[in-house]
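Here the structure is a predicted model, which means the values were calculated and not measured.
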Amino acid sequence: MIRINDILDKITGYHSDADLDIVERAYVYSARVHAGQVRLSGEPYLMHPLEVANILADMRLDVVSVAAGILHDVLEDTRAEPEDLRKLFGPEVLNIVSGVTKLSNMPTSSTQERQAENIRKMFLAMADDIRVILIKLADRLHNMRTLRFHSPERRRAIAQETLDIYVSIAARLGIYWIKTELEENAFKYINPEEYARIENLVAKSRAEREQYIGTVRDTLRKTMQAAGLKAEVLGRSKNYFSIHSKMQAQSLTFEQIYDLIAFRIILDTVSQCYEALGLIHSLWKPIDHKFKDYIGRPKPNMYQSLHTTVIGPVGERIEIQIRTWEMDRVAKSGIAAHWSYKEGHRIDENISKKFAWIQDLVDNQESFRDPGEFLENVRIDLFPDEVYVFTPKGDIRALPKGATPVDFAYLIHTEVGQKCVGAKVNGQMVSLPYELRTGDIVEIVTAKNHTPSKDWLKFVKTIKARSKIRQWIKAQEKDRSISLGREMLEKAFRKEKLNFITLSKTDPMNAVVESLGVKTLDDLVANVGYGKLTPLQVLRPFMAKPQTEENRASLLEKLISRVRKKKPRAGVLVKGVEDILIKFGKCCQPVPGDAIIGYITQGYGVTVHRASCVNALRASPERQIEVEWSTESAERYPVKIQILSLDRVGLLADVASSISKFGANILNASSETKETQMVESFFTISVGDKEHLEKILSAVKKVKHVQDARRVG
């Protein structure tokens, strides 16, 4: 159990002149306002802010950060008021605590929307003061350590959010020890069976592996000593999540993972690092494509190291990292290693520039109001498997892997992106979908009157490029939709012997605009043109006779008759429209339990996609319509699954039996045996909902020799 004196001693250990008064006062205040509160574990609530503060002290942060860590929950979970914090601890502490505080009282229509707005608020706050996210990471780390006290559903939801958002933030900030611990805990709760399986497999080979680590470590030490290099050599096994991720990405079995062990060599100078690299490559044969020089080209989070993989003793692959002591400190602590906050001072400007991606992330997300789209794009922004390219002047730019010249153009400036007509890479003209590689020199060719193309959305990788292209397309489509919408409204009003143009200038029309949730009359007309609103919704308040339910249904029937080519599916309800043709996207095959979104397709009704579907995200947001699953539906839905397994007699029969046991019909099946004796099978099965599907996948994973079973699409 952590005590406040333990935290104060830690701070004194790395900052002997620190003013501890603010930390002590924060402790007293937090103890008072949290008095009587307990956590799910049964322990006093005060233990949580103390544990958070202790993690911040482990990161060697300033006293303001530690005090804010102790106070981080008081605005959300107690009767404390912002003005109280301002008076007692100053505006700096209040600003940080406010940034960490969730929007728990915000009126939202869904959990996803609340999550999206909380994360958006967090990014805005961390762009202003990065200590907000350091406290948030410490808070999430302790919550993950105590996650076992939540319900299984809550555990899984928190673990998934941790993996999606907080793990990648920790990686972007270079705080790898937090990243690793969050990954391991999240993996344990998201996929407990696979976690236990890998844990068991690793345990079986532990003794043999430790002996191997000792042998390699001794060889490396003797090699460094013989060359007169003073070095520390460390060896470790990879964590379970890292092993699982590699198995998934490369369709490997545990036995096929050769680089389970990694070694680190720490030296005094950069020149010694390169000398050690030469010694290792003369000792063991290197694998060329596995060499990375992060000293010459550091990662955006300031990480520096030499990475090489060699064929070591007994023919096994060994991953070796070589770095200086300063690089090792940065690798462990990331931005916290460069912290220069003192009382009354801001963080060093040069360090702030290293983390300009935070402001970029905020800017990129401003235009995405749909919570599902926002969260999906945040995930993309936070996982930058990066390439490094050069401008013609030699400036380096980082882009996500797979980025194109169009992404590069928008990175330089929005105007450059809008007018991009071509690109030269290393002096040669390339097509716009060309995937840039590290080291490329990129020059953008522009034309004065050129405009973006909708086709660019098929290949751009950055959120900035995608959002700017969609904004331009939206502006163009709005003009066309206003024209179409006005024509539709005038026609509908004429049928009732009314004049739309005359009525559009009246107060009743202003009331209709407000009641339909749009800002201006032009927006209302455009929404009619897009298909988001029907002319009837605008016309109804002006009709002479109040519409009975029967009459209203009759008019709606006429409006949707063009798209009713067969009996509609009863599994999905469309907000504001009844009895309209529903189609399900073949690309993602949604089932009840999935978050879904609908898109109006002219002449074909509403197409329903999973909210995270790439095709849905690329579609025009103006054609979006709210849909939800019907609670009364007992339909079955097709969904495609992929199964990876080792080949054996009777495998497919056992898999089919596991599927049928849960009452799912197999609609289609195909199977292929690879050269590695791995079998890749695809089944299309009919399920009732997402929970039904998860039970089937869990059962299939238990079939002998099955390595993985997952949903496709």
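- In this structure, Ser658 and Val700 approach most closely via the heavy-atom pair CB-CG2, 4.3 Å.
- Between Ile469 and Ser453 the shortest heavy-atom distance is CG2-O, 3.9 Å.
- Counting heavy atoms from C-beta on, the side chains of Val608 and Pro590 come closer than 4.5 Å.
- For the pair Val703 and Ser645, the minimum side-chain heavy-atom distance is 4.5 Å or more.
- Residue Phe682 holds its CZ atom at 9.0 Å from CD of Glu672, rounded to the nearest 0.5 Å.
- One distance of note links NZ of Lys238 with OG of Ser245; it measures 10.5 Å at 0.5 Å rounding.
- With rounding to the nearest 0.5 Å, the separation of NZ in Lys583 from OG1 in Thr607 is 4.5 Å.
- The shortest distance between side-chain heavy atoms of Asp73 and Tyr45 falls below 4.5 Å.
- We find that Glu194 and Arg197 are joined by a salt bridge, their nearest charged nitrogen and carboxylate oxygen being less than 4.0 Å apart.
- Smallest separation of non-hydrogen atoms from Tyr176 and Ala171: OH-O, 3.9 Å.
- Between the side chains of Asp407 and Thr462, at least one donor N or O lies within less than 3.5 Å of an accepting N or O.
- Counting only distance, with no hydrogens or angles, the side chain of Arg155 and the backbone of His150 share a donor-acceptor pair below 3.5 Å.
- Between the side chain of Arg156 and the backbone N or O of Ile190, at least one donor-acceptor pair lies under 3.5 Å.
- If you look at Tyr240 and Phe187, their ring centroids are not closer than 6.0 Å.
- Using a distance-only test at 3.5 Å, with no hydrogens or angles considered, no donor-acceptor pair links the side chain of Ser657 to the main chain of Asp654.
- In this model, a donor atom of one side chain and an acceptor atom of the other lie less than 3.5 Å apart for Asn143 and Arg39.
- For the pair Ile158 and Arg140, the minimum side-chain heavy-atom distance is below 4.5 Å.
- Taken to the nearest 0.5 Å, the CZ atom of Arg710 stands 10.5 Å off from the CG atom of Leu697.
- Using a 4.5 Å cut-off on side-chain heavy atoms (C-beta onward), Trp629 and Asp689 make no contact.
- Here NE2 of His72 is found 7.5 Å from NZ of Lys136. Values are rounded to the nearest 0.5 Å.
- Between Tyr599 and His609, the two ring planes are perpendicular [angle over 60°; tilted spans 30° to 60°].
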Side chain to side chain contact (heavy atoms under 4.5 Å, CB included) evaluation trace for Thr146 with Leu40: CA-CA 9 Å; Thr146 56; Leu40 292 177; over 6 Å; no
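- Taking each heavy atom of Ala709 and Ile643 in turn, the nearest pair found is CB-CG1, 4.2 Å.
- Between Leu516 and Leu524, the shortest heavy-atom distance links the atoms CD1-CD1, 3.8 Å.
- Contact check for Ser681 versus Val655: no side-chain heavy atoms found under the 4.5 Å cut-off.
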Step-by-step side chain to side chain contact (heavy atoms under 4.5 Å, CB included) determination, Phe241 to Leu163: CA-CA 11 Å; Phe241 181 79; Leu163 204 56; 3.8 Å; yes
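- For Lys188 and Glu199, the salt-bridge test fails: no basic side-chain N is under 4.0 Å from an acidic carboxylate O.
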Criterion side chain to side chain contact (heavy atoms under 4.5 Å, CB included) on Lys701 and Asn191, from CA distance to verdict: CA-CA 11 Å; Lys701 287 177 183 178; Asn191 197 341; 4.1 Å; yes
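- Atom CD of Glu691 is surrounded by 12 or fewer heavy atoms from other residues, nucleotides or ligands within 6.0 Å.
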Test log, rule side chain to side chain contact (heavy atoms under 4.5 Å, CB included), inputs Ile243 and Leu201: CA-CA 11 Å; Ile243 294 170; Leu201 289 168; over 6 Å; no
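- Taking CD of Glu183 as the reference point, atom CG of Asn185 lies at 11.0 Å (rounded to 0.5 Å).
- Closest approach of Asp77 to Gln37, counting heavy atoms only: O-NE2, 2.7 Å.
- Two residues are said to be in side-chain contact when any heavy atoms from C-beta on lie closer than 4.5 Å; Glu181 and Met144 fail this criterion.
- Inter-residue side-chain proximity for Leu651 and Val706 is flagged as met; some heavy-atom pair is nearer than 4.5 Å.
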